[in-house]
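A quick write-up on the structure given underneath.
This structure is a prediction, so every number in the text was calculated from the model and none was measured.
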Amino acid sequence: MPVKGVLFDFSGTLFRIESVRSWLAGALAERGVSVDEADFERYATELEVSGALPGGPNPQRMPEELADGWTHRDESAELHRAVYTGLARQVALPDPGLYDTLYDRHLSPDAWRPYPDAAEVLAGLREAGAGIGVVSNIGWDLRPVFRAHGLDPYVDAYVLSFEHGVQKPDARLFHTACTLLGQHPTDVVMVGDDRVADGGAAALGCEVRFVRHAPVDERPDGLRELGLAAMVA
């Protein structure tokens, strides 16, 4: 059936967070903390294992005291910060101020890169007349990331979990996005990288398309390959 609207996930779909090593190096520089190469590699490895970088690898071991918060982390800004700084504190870093600096760094537009074909695909959808929404499980306002990278003009609606107190795959988020676009869910496609979270849109009747969660340099045309603009009514 012809498509009138397209919803996109954020992290791993339209944008990708920087690497753990880049994230750590930036925070160390901001705090004016110097470490030798061996310590840097150890900190980076331990932070990656801990899952402390939002949008990065999930924790390999979940501390019991953070388990419940992890499950609901994207439902509020306060919980999101508490959980991720809590994960980072599993690593003994040389400066106690680094934990908040690390968290704050990932909020910066500079910490995110759009996938190479994101602008082209969004522009093509806009030209074809489709409404475009972003539906994200997230604990902070990602709109500045879209503005900084020049993608905000293509987006008609943002539906962010922390602003609604519910997370994907809860169908309410997708329903809200469809309503904001003024479209029935059966006329809308959801594009994401998580078959569970993003797949929740299927409960409303949305078609769901998936891209591979991969580093930016390894997925130059994953969005383009979906042929979304050709589906627009």
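- Hydrophobic clustering of Ile, Leu, Val, Met, Phe, Trp and Tyr side chains at less than 4.5 Å, counting indirect connections, keeps Phe8 apart from Leu204.
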What side-chain donor-acceptor pairs closer than 3.5 Å can you find for residues 220-233, not counting sequence neighbours?
residue : atom : partner : partner atom : Å
Arg224  : NE   : Glu120  : OE1          : 3.2
Arg224  : NE   : Glu120  : OE2          : 3.0
Arg224  : NH2  : Glu120  : OE1          : 3.1

**Request:** Quick one: do Phe15 and Val134 satisfy side-chain contact (heavy atoms from CB on, under 4.5 Å)? Show the steps, please.
**Result:** CA-CA 11 Å; Phe15 283 85; Val134 172; over 6 Å; no
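- Between Asp152 and Arg143 there is no salt bridge, since none of the side-chain N atoms of the basic residue sits less than 4.0 Å from a carboxylate O of the acidic one.
- A single hydrophobic cluster is seen to contain both Leu24 and Val35, as judged by linkage of ILVMFWY side chains at heavy-atom distances under 4.5 Å, directly or through other members.
- One distance of note links CG of Leu173 with CE of Met190; it measures 9.5 Å at 0.5 Å rounding.
- Annotation: side chain of Met62 is in contact with side chain of Trp70 (closest heavy-atom distance under 4.5 Å).
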**Steps toward side-chain contact (heavy atoms from CB on, under 4.5 Å) verdict (Leu93, Tyr43)** = CA-CA 7 Å; Leu93 296 176; Tyr43 296 142; 3.8 Å; yes
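- Looking only at side-chain heavy atoms (C-beta outward), Phe40 and Leu28 come within less than 4.5 Å of each other.
- For Tyr115 (side chain) and Ala214 (main-chain N/O), a donor-acceptor pair under 3.5 Å exists by modelled atom type.
- In this pair, Phe146 and Tyr158 present their aromatic rings perpendicular. The plane angle is above 60°, beyond the 30 to 60° band.
- With contacts defined as side-chain heavy-atom distances shorter than 4.5 Å, the pair Leu151/Val155 does not qualify.
- Val121 and Val135 sit in two unconnected hydrophobic clusters of ILVMFWY residues. Membership requires side-chain heavy atoms under 4.5 Å apart, directly or through other members.
- Under the 6.0 Å distance and 45° angle rule, Arg73 does not count as a cation-pi partner of Tyr84.
- Between the OG atom of Ser136 and the CG atom of Asp198 there is a distance of 9.0 Å, given to the nearest 0.5 Å.
- Counting non-hydrogen atoms of neighbouring residues, nucleotides and ligands closer than 6.0 angstrom, the CD atom of Glu37 reaches no more than 12 such neighbours.
- In terms of heavy atoms, Ala197 sits closest to Asn137 at CB-ND2, 4.3 Å.
- Nearest approach of Pro144 to Pro109, heavy atoms of both residues: O-CG, 3.7 Å.
- At a threshold of 4.5 Å between non-hydrogen side-chain atoms, the residues Trp140 and Arg81 do not count as touching.
- With hydrogens and angles disregarded, no donor-acceptor distance shorter than 3.5 Å links the side chain of Ser161 to the backbone of Glu75.
- Not one N or O on the side chain of Trp23 forms a donor-acceptor pair closer than 3.5 Å with the backbone of Glu18.
- With rounding to the nearest 0.5 Å, the separation of CZ in Phe162 from CD in Glu78 is 9.5 Å.
- Val83 is not connected to Val49 by any chain of hydrophobic side-chain contacts under 4.5 Å among Ile, Leu, Val, Met, Phe, Trp and Tyr, and they are in different clusters.
- Side-chain contact between Arg21 and Glu48 is present, with heavy atoms from C-beta onward closer than 4.5 Å.
- Summarising the local packing, CD of Glu127 is surrounded by 12 or fewer heavy atoms from other residues, nucleotides or ligands at distances under 6.0 Å.
- Taking CD of Glu30 as the start and OG1 of Thr101 as the end, the distance is 5.0 Å to the nearest 0.5 Å.
- A heavy-atom distance below 4.5 Å is found between the side chains of Cys178 and Leu7.
- Nearest heavy-atom pair across Tyr99 and Asp95 is CE1-O, 4.3 Å.
- Taking 4.5 Å as the limit, every side-chain heavy atom of Trp112 sits out of range of all side-chain heavy atoms of Leu142.
- Linking Ile, Leu, Val, Met, Phe, Trp and Tyr residues whenever their side-chain heavy atoms come within less than 4.5 Å places Val211 and Phe10 in a single cluster.
- Within 6.0 Å of atom NE2 in His72, more than 12 heavy atoms from other residues, nucleotides or ligands are found, so the atom counts as buried in its surroundings.
- Between Leu47 and Ser50, the closest heavy-atom pair is O-OG, 2.8 Å.
- In this structure, the separation between CG on Leu66 and CG on Leu79 is 9.5 Å, given to the nearest 0.5 Å.
- Counting heavy atoms from C-beta on, the side chains of Cys206 and Gln183 never come closer than 4.5 Å.
- With hydrogens and angles ignored, the 3.5 Å screen pairs a side-chain donor or acceptor of Gln167 with a backbone N or O of Asp74.
- Listed here is the closest heavy atom pair of Ile132 and Leu122: CD1-O, 3.6 Å.
- Under a 4.0 Å N-O distance rule, the pair Lys168/Asp194 does not qualify as a salt bridge.
- Between Asp156 and Arg126 there is a salt bridge, with a side-chain nitrogen of the basic residue lying less than 4.0 Å from a carboxylate oxygen of the acidic one.
- Classified by interplanar angle (parallel below 30°, tilted 30° to 60°, perpendicular above 60°), the ring pair Tyr103/His106 is perpendicular.
- Note that CG of Leu102 is 12.0 Å distant from CG of Leu87, once rounded to the nearest 0.5 Å.
- Taking 4.0 Å as the cut-off between side-chain N and carboxylate O, Asp217 and Arg16 do not count as a salt-bridged pair.
- The shortest non-hydrogen separation linking Val20 to Pro57 is CG2-CD, 4.4 Å.
- With Gln90 contributing its side chain and Gly86 its backbone, the two residues share a donor-acceptor pair below 3.5 Å.
- Counted within 6.0 Å of CZ on Arg42, heavy atoms from surrounding residues, nucleotides or ligands total more than 12; the atom is thus considered enclosed.
- In this structure, the side chain of Ser108 does not engage the main chain of Asp104 through any donor-acceptor pair within 3.5 Å.
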